[in-house]
Each structure stands twice: as C-alpha cells, then as structure tokens.
Protein chains: 2
Amino acid sequence: MKFTKIPLATINRLSVYLRVLEDLLEDNTDVISSERLARHCGVNPAQIRKDLAYFGEFGVRGVGYRVVDLISQIKEILGLNRTWNLAMVGVGNLGSALIRHGNFIKHGYVFAAAFDIDPEKVGKKLPNGLIINHVDELEEVVKERNIHIGVIATPASAAQSVANQLILAGINGILNFAPVQIQVPDCCHVENIDFTIKLDSIAYHLSTNF
Amino acid sequence: MKFTKIPLATINRLSVYLRVLEDLLEDNTDVISSERLARHCGVNPAQIRKDLAYFGEFGVRGVGYRVVDLISQIKEILGLNRTWNLAMVGVGNLGSALIRHGNFIKHGYVFAAAFDIDPEKVGKKLPNGLIINHVDELEEVVKERNIHIGVIATPASAAQSVANQLILAGINGILNFAPVQIQVPDCCHVENIDFTIKLDSIAYHLSTNF
DNA sequence: CGTTGTGAACGATTTCACAGCG
DNA sequence: CGCTGTGAAATCGTTCACAACG
C-alpha cells in the first residue's frame with residue numbers, strides 16, 4: 001500500500017475489473033492473466049498490473065491472478081466489503097426507477113431513505129417498502145438511518161439546494177443526476193451522471209466520422 | 001478547423017460549456033470572458049481557450065465571447081444543430097423512466113422507437129404516444145424511422161446481443177446502461193453509463209478520506 | 001487596455017521492455 | 001518457462017506566459 005496519488009481513472013478501472021472478474025467467477029475461471037483480463041476489459045495488460053501495483057502485489061508470477069482472491073482484494077481497496085446506505089432525493093420518473101433498479105442492491109448499495117417535496121408523494125410507500133419523507137425531514141432522517149451517500153434526481157433548479165442540505169446533514173458523497181454543476185466543499189465527493197453529455201459525445205462522433 | 005486529434009475530454013467539456021452558456025443566455029448575459037466562463041464550469045480559463053482553439057477562433061480579443069454566437073458555434077462543432085432519433089431497447093423501469101425524462105427532448109434527442117422482448121409489453125402505448133415493438137422488428141423499424149442512436153436499457157445478459165442487432169441495423173452510436181462491457185466494431189461509438197461504477201468511486205473516497 | 005490565441009513548459013497517465021521470481 | 005511487478009520512455013493533456021490584436 002503506497003502513498004502515491006492514485007489516478008481517478010485507476011479507481012474507475014478497478015470497478016470494471018471487478019465486474020468482469022465476478023462474471024469470470026460465475027464461469028468457474030480460477031486463474032486469469034493480466035493479458036486475458038485486459039482483453040475482457042478493453043485495456044492494456046500493463047495498465048492492469050500498474051493499477052494493481054498502486055495497492056500491493058496480488059498476482060503469482062508465471063501464473064496470473066486467482067480470481068476469487070483478486071475480487072476480494074479489489075473490494076477491499078474500494079471499500080466494498082460492506083453495505084452503503086443511499087438516500088434518494090427526488091422521487092420522479094427517474095428517482096423511482098432507480099430505487100426499483102436491481103443493480104444497486106446487487107453491489108451492496110441500499111436505498112434506505114427517499115425524499116420529495118411534492119405533498120402528493122410524501123407518505124406514500126414505494127415498492128421496496130420505503131416510505132417517502134418530505135425534504136424538510138432530510139437532516140433528521142439521514143442521521144437516524146445512517147445514510148452515507150445522497151443521490152440527487154431532482155430537476156436542475158433544485159439540485160444545488162438539495163446538495164447544500166445533504167452536506168449540512170453530514171453527507172460526504174453525492175451521486176448527481178441533475179444536469180447542473182453543483183458546488184460543494186472539498187470534503188464532499190460528487191460524481192455526475194448527465195445522459196445528454198454522453199449523447200453529445202455520440203452525436204459528435206457520428207457527425208465527424210461519416 | 002485543424003486536423004489534430006481532439007481529446008475526448010475536450011468534447012465532454014464543450015457539452016458542459018454549452019449547458020452553462022445556455023443558462024447564461026437566459027440571464028441575458030451578452031458577452032463572457034474565458035475567465036468568468038471557467039469559474040462557472042470549474043475549469044482553467046486556458047483550458048477553455050485551448051478547447052475552442054481546436055476548432056477555430058470564436059472570441060474577440062480584449063472583449064470575450066458573444067454568448068449567442070458561442071452557443072451556436074459549439075452546437076455546430078458537436079453536431080447539435082439538428083435532431084437525433086433514439087431507439088430505446090428494453091422498456092423496464094429504467095427504460096420507461098428515461099423515455100419520459102424531459103432532458104432528452106430539450107437537447108434535441110427524440111425517442112422515435114422503443115423495443116422489448118416481453119409479449120406483455122409489445123403493442124402497449126407509452127405516455128409519449130410511442131408503441132412498443134418487439135425486438136425482432138428492430139432492424140426494420142430502425143431503418144423505417146431513421147434511428148441514429150440506440151439506447152440499451154436491458155439486463156446485462158441481453159446487452160451484447162442487442163448491440164449486435166443494432167449494428168446489423170446500421171446504427172453507429174450506442175448509449176449503454178447495461179453494466180457490461182459490450183464489444184462493437186470500430187465504426188460504432190459506445191458510451192457507457194454504469195451507476196454502480198460511479199458509486200464505487202464515491203465509496204472509495206469515503207473509505208479513504210475518513 | 002483587456003482578453004484572446006498559442007508555443008512552450010509542465011504534469012499526469014499510459015505503454016514499453018525487461019528484470020525478478022514462482 | 002511464463003507472467004508479474006516496475007523503472008524508464010513515450011504519449012497525452014493541462015497550465016503557463018506572453019505576443020497579437022480588436
């Protein structure tokens with residue numbers, strides 16, 4: 001475990017490796033070389049070895065990596081040998097679809113609270129049993145239920161104000177689906193998911209290559 | 001318009017600039033300097049000038065950039081002075097939420113077809129008036145309705161097969177929400193959106209910083 | 001005068017190439 | 001022998017600093 005600065009890209013690739021390794025495990029693959037793993041992930045083999053080298057020595061020379069071990073080691077690195085509690089803010093189309101989406105729970109992310117501002121929605125029960133709280137109760141509920149990460153799925157106009165409330169409630173990690181750049185203090189880590197930015201990139205490639 | 005290789009990061013930033021510029025226009029800002037625009041976008045002013053310099057000279061020295069002009073020029077660069085037709089494949093929770101999501105249409109992306117494999121869903125009408133087709137009709141409908149970009153919101157297990165069908169139908173741009181790395185020929189541009197990878201990154205930061 | 005546009009310096013990340021080792 | 005781990009080289013992207021110019 002070194003003390004160098006680790007590229008953000010490395011962290012994202014570790015997640016990708018993890019997904020692929022979990023698939024490989026299901027296919028009963030015991031051991032895999034960096035070269036074969038690289039092909040599955042669409043990266044350079046040396047990249048994988050470098051990425052892992054930031055955190056330790058996990059392979060066996062002349063052999064490769066034991067799949068079960070590498071999975072557990074990457075989980076350890078990323079902090080995934082545990083459950084993370086999420087709070088959804090904004091239970092519209094997108095928010096409620098995400099809460100019902102099975103992928104979160106599969107990877108240890110549990111929606112433990114949901115908030116909205118619409119009086120029609122507050123008090124309603126979601127398919128997973130969660131009852132929607134009013135945003136005014138955010139700080140209280142976040143602390144009570146030990147929420148670690150806030151997910152913003154509100155309209156753009158509400159996103160900054162919601163982010164402020166999340167931070168006030170002591171939250172340091174935000175996944176933001178609203179199409180605005182939200183401002184947060186350094187202690188808080190934000191990841192943005194903006195569908196239309198990804199589409200813009202596709203549009204650019206379609207426009208120029210053909 | 002140079003012939004250098006343009007960083008992918010530049011393209012993504014142009015989208016961000018565009019979003020901010022559109023907000024500025026609504027606030028009746030006529031002209032903006034790279035320095036002020038940079039603050040809004042959270043980047044370095046020289047970065048903005050460099051990004052734009054790949055494509056031409058759009059500013060006025062001593063003054064800055066005219067907001068309306070820059071918007072139209074970035075749209076021109078990205079290929080957004082037109083409408084793009086999308087096909088949704090997989091009309092589950094996520095797929096149907098995305099179709100109802102207003103942000104796509106706002107930026108010129110129109111869902112013009114929707115496909116599913118579930119006989120219960122095929123033939124049903126979506127809130128936007130679209131009737132769900134069976135995936136078997138994909139190639140036919142894609143050509144008929146002049147679809148440009150495929151959006152995959154199926155389970156991971158179906159994603160690769162759907163991608164193959166999209167490519168067979170002549171599609172060269174795919175937005176993939178399924179949590180797998182799909183393999184496509186070079187002519188096709190894929191953008192992945194994997195929620196849990198973003199959450200993994202947040203989990204890592206929460207685990208290490210505290 | 002102020003801000004753009006840009007070569008040059010810098011910094012970061014990826015890839016190479018091979019020593020080290022099971 | 002084969003594959004990992006890693007210093008060194010190459011590549012790529014960002015920031016600086018200032019000349020050019022409206």
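Quick note on labels: first sequence line is chain A, next is B, and so on, each numbered from 1.
- When atom types are taken as modelled, the side chain of B/Asn103 and the backbone of B/His107 share no donor-acceptor pair closer than 3.5 angstrom.
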Produce a footprint string for nucleotides 10-19 of chain D: one letter per nucleotide, 5' end first; B if the base is under 4.0 Å from any protein heavy atom, S if only the sugar-phosphate is, - if neither. ---SSBBB--
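- Going from atom CD of B/Glu57 over to atom P of C/dT3 covers 18 Å, rounded to whole Å.
- Judged as a side-chain contact (heavy atoms from CB on, under 4.5 Å), and not counting sequence neighbours, the contacts of B/Asn93 are A/Ala97, A/Arg100.
- The phosphate of C/dG2 (OP1 or OP2) has no side-chain N or O of B/Tyr65 nearer than 4.0 angstrom.
- If you take CD1 of A/Ile48 and P of D/dC3, they are 14 Å apart, rounded to a whole angstrom.
- Listed by first and then second residue, the side-chain hydrogen bond (donor to acceptor under 3.5 Å, both in side chains) pairs involving residues 21-44 of chain B are B/Ser34-B/Arg49 (not counting sequence neighbours).
- Identified under the ring-ring contact (aromatic ring centres under 6.0 Å, His included) test for residues 154-191 of chain B, with sequence neighbours left out: A/Phe195-B/Phe177, A/His205-B/His189.
- Rounded to an integer number of Å, the gap from A/Phe58 CZ to D/dT4 P is 14 Å.
- Rounded to an integer number of Å, the gap from CG of B/Leu37 to C1' of C/dT3 is 13 Å.
- Among residues two or more places apart in sequence or in another chain, the side chain to side chain donor-acceptor pair (under 3.5 Å) test is passed with A/Tyr204 by none.
- Of the residues in residues 20-35 of chain B, those with a non-hydrogen atom less than 4.0 angstrom from any atom of DNA chain C are B/Ser33, B/Ser34.
- The list of salt bridge (Lys or Arg N to Asp or Glu O under 4.0 Å) pairs with a residue in residues 51-71 of chain B, not counting sequence neighbours, reads B/Arg13-B/Asp51, B/Arg66-B/Asp69.
- Under the side-chain hydrogen bond (donor to acceptor under 3.5 Å, both in side chains) criterion, the residue pairs touching residues 70-82 of chain A are A/Glu76-A/Asn81, A/Arg82-A/His148, with sequence neighbours excluded.
- Every pair passing salt bridge (Lys or Arg N to Asp or Glu O under 4.0 Å) that includes a residue from residues 176-194 of chain A is listed here, sequence neighbours excluded: A/Glu191-B/Lys198.
- Taking atom CZ of B/Arg36 as the reference point, atom P of C/dT4 lies 11 Å away to the nearest angstrom.
- At whole-Å resolution of the value, CZ in A/Arg66 and C1' in D/dT4 are 16 Å apart.
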